[in-house]
2 protein chains.
Amino acid sequence: MRPTVHDIAAAAGVSLATVDRVLNRRPGVRHVTREKVENAIREIGYVRDVAAANLAKGRTYPFVFILPASDNSFMHGLNDEVRAAIARSSVERTTIRTLEVPAFDPAALVKVLNELGEERPAGIALVATDAPEVRDAVDRLVKDGIPVVTLVSDLTGSQRHHYAGVDNIAAGRTAARLLGRFLGGAKGEIAVLAGSMLVRDHRERLEGFAAVIAAEFPSLSILPVIEGRDDPETAHMLVADALSKKSGIIGVYSLGAGNRGLIRALKEKAVDRSLTVVAHELTAHTRAALLDGTIDAILNQDAGHEVRSAIRVLKAKADGLAVIDAQERIRLDIFLKDNLP
Amino acid sequence: MRPTVHDIAAAAGVSLATVDRVLNRRPGVRHVTREKVENAIREIGYVRDVAAANLAKGRTYPFVFILPASDNSFMHGLNDEVRAAIARSSVERTTIRTLEVPAFDPAALVKVLNELGEERPAGIALVATDAPEVRDAVDRLVKDGIPVVTLVSDLTGSQRHHYAGVDNIAAGRTAARLLGRFLGGAKGEIAVLAGSMLVRDHRERLEGFAAVIAAEFPSLSILPVIEGRDDPETAHMLVADALSKKSGIIGVYSLGAGNRGLIRALKEKAVDRSLTVVAHELTAHTRAALLDGTIDAILNQDAGHEVRSAIRVLKAKADGLAVIDAQERIRLDIFLKDNLP
DNA sequence: CCAAATCTGATGTACGTAAATCAAAATTTG
DNA sequence: CAAATTTTGATTTACGTACATCAGATTTGG
């Protein structure tokens, strides 16, 4: 049987009330007594029964999710997953609120973060725009003792407690190797479609991609990055234009969102050419394109996993508990037409 | 606030004791009264607070994991993960026991399963050997109300509550496409190394693999399957032999365990040849081989996820609760040298 | 219609922890 | 050394559920 507060009291030779004062950092305990209790806790290996504690406290975890107001399938999916988590909130003792902020807008994000500093929720998850002022705002929250996790895109050099997202450098490198191997030594140009170089995940994907292409596939050259702002219309226009002008393109890497536009451009301009295409994010559109052969591979991050992981980590941090690292590592999913879920 | 038993009592116009009798299927409630209570439960959307219930019951979940006594890295890893789960047992209110049975031995498995029928644990997870007598034994347990999940390898046609493992047909298909695309239209033979055609996961992988090769990569032909019994020594001998005799081999698909032997054979016999190799299960050996270029891609199932998922599902089934399906789908991991964890 | 059987209500205890109150003991201060 | 202050102990209630007991009410069978 696992030890209880009573066992601590017996082991330390103090009363239950004192144990409670130590456990819950209440005042009125002499230093020596506190140490006696803490030693006893360590020796008998007491671990607070979180379920019982939450029951007694009537605790709920008020969490806030800050999401960018982007009109693309991936962000819609992320939104859906947060909503699904909200639907489970009574069972999970969470109270989740979502806040929408303009995409790629550090100032707006900072404003929201500062307001949350006053409100003091039990935890904050945010899709970070990678800027120094955002990092500073996050660091202030962390210093104030509010658990913060970044979601999907991380924040350079910040003190955030956790990042619930994939390793984007590895994602870019993987995309490069898939494209390179699928092209099997052919010579030509690769078009790269990104959302914005202002978000860290896109920058990192490009970095990893370029590194592997340069080092291991010298017959391939990367064209200047097309920035589609994760917007299908913009992406369509820019990609269609590139395909018309450059006849040397034999491969495409789409590392952002807004793939609807890309796919349309490919179907219009490249029916005759056999392009090899690797794209990010599994959506209804990319799934269809993978199945019909327009796209050859999709790299994906599971938004549901990311949201659930963020919640688990926020809870653990709020309770000062450890997390199972392997469980919280968000994996890069690689989908070919054969292993679609 | 979520509704409690008191709210049910008030809504149904009965006493707490009666609500309790209905909720816990205790006798002594007239049919009409029971219906009144059940309607109230439905109307106010009551969900039992499992944490409080377990606290009151002092409940722990006695689970049994049945694992094959195989000496390969994958099964060792699976064992480690079960042990890690055992280490968490006090926190998770589980009491997990593992039983080792000889691999590929339906009779031994049936014997153990029948004994467990007497013992009536709160749940059983097993790596199934796919045989009718095993299926019957499992079905008996299920009929007796004991939650059963298959782990890693499924059981054809059985009533098991859940399968915590990957879709092996999809895995085989994916392997075929990777191999086919990486070979880029070259003509030649593919060697296939399996453990045993007696386990369903291996059969299914082969089936998926063969289907895609036949349909989409006609320039490749599959050699008769080599059965290495998931044993490194056997695998080494058989593969080395095949590589010596067949000069037309340009690719290898290793769909079972025992890859240590395969890798050794490749390093001895194929230094001069540029074979394309796809293998299953990420272990220390396959990881090193992927990094040094001996293997081109590894398909993996995360044993930790499988074990944790099995436990979550068993708990849910024991409590008669629903599971989050998306969370319990075990994904096929594809590793290139760039996205290793 | 009455006794027996069945059903229902009222109540209390328990699980492990949180939180509060009040009394008692120990320590510090003047 | 006494008074003031701090520390500690003892006790109670609560969270939501499980489970047991006993009394009272209702239904059923003869």
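Convention: sequence-line order gives letters A, B, ...; per-chain numbering from 1. The structure presented is a predicted model; accordingly, all values stated were derived computationally and were not measured.
A salt bridge is defined here as a Lys NZ or Arg NE, NH1 or NH2 lying under 4.0 Å from an Asp or Glu carboxylate O, and B:R331 with A:D302 meets this definition. Residues A:R160 and A:D139 are not paired through a salt bridge, judged by the lack of any N-O separation under 4.0 Å between the basic side chain and the carboxylate. Taking a cutoff of 4.0 Å between a charged side-chain nitrogen and a carboxylate oxygen, A:R135 and A:D130 do not qualify as a salt bridge.
Going from atom CG of A:D319 over to atom C1' of C:dT17 covers 13 Å, rounded to whole Å. In this entry the distance linking CZ of B:R34 with C1' of C:dG9 reads 16 Å, nearest Å. Atom-to-atom, CZ of A:R21 to C1' of D:dT6 comes out at 11 Å; the value is rounded to the nearest Å. Summarising the geometry, the separation between CZ on A:R26 and P on C:dT17 is reported as 13 Å, rounded to the nearest angstrom.
Every residue meeting the ring-ring contact (aromatic ring centres under 6.0 Å, His included) condition with B:F63, not counting sequence neighbours, appears here in chain and number order: B:Y61. Qualifying side-chain contact (heavy atoms from CB on, under 4.5 Å) partners for A:E43, counting only residues two or more places apart in sequence or in other chains: A:N39.
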Residues 24-31 of chain A side chain polar contacts: donor-acceptor under 3.5 Å, at least two apart:
unit_1, atom_1, unit_2, atom_2, d
A:N24, OD1, A:R48, NH2, 2.9
A:N24, ND2, A:D20, O, 3.3
A:N24, ND2, A:D20, OD1, 2.8
A:R26, NE, A:D20, OD2, 3.0
A:R26, NH2, A:D20, OD1, 3.1
A:R26, NH2, A:D20, OD2, 2.6

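Atom NZ of A:K111 sits in a sparse spot, with 12 or fewer heavy atoms from other residues, nucleotides or ligands closer than 6.0 Å.
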Could you go over nucleotides 13-17 of chain D and give all protein N or O partners under 3.5 Å, atom names and distances?
unit_1, atom_1, unit_2, atom_2, d
D:dC15, O2, A:L55, O, 3.4
D:dC15, O2, A:A56, N, 3.0
D:dG16, N2, B:A52, O, 3.3
D:dT17, OP1, B:Y46, OH, 2.8
D:dT17, OP1, B:D49, N, 3.2
D:dT17, OP2, B:V5, N, 2.9

Short heteroatom pairs, N/O only, protein and nucleotides 24-30 of chain C, under 3.5 Å:
none

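Judged as a side-chain hydrogen bond (donor to acceptor under 3.5 Å, both in side chains), the pairs with a partner in residues 2-17 of chain B (not counting sequence neighbours) are, in order, B:S15-B:T18.
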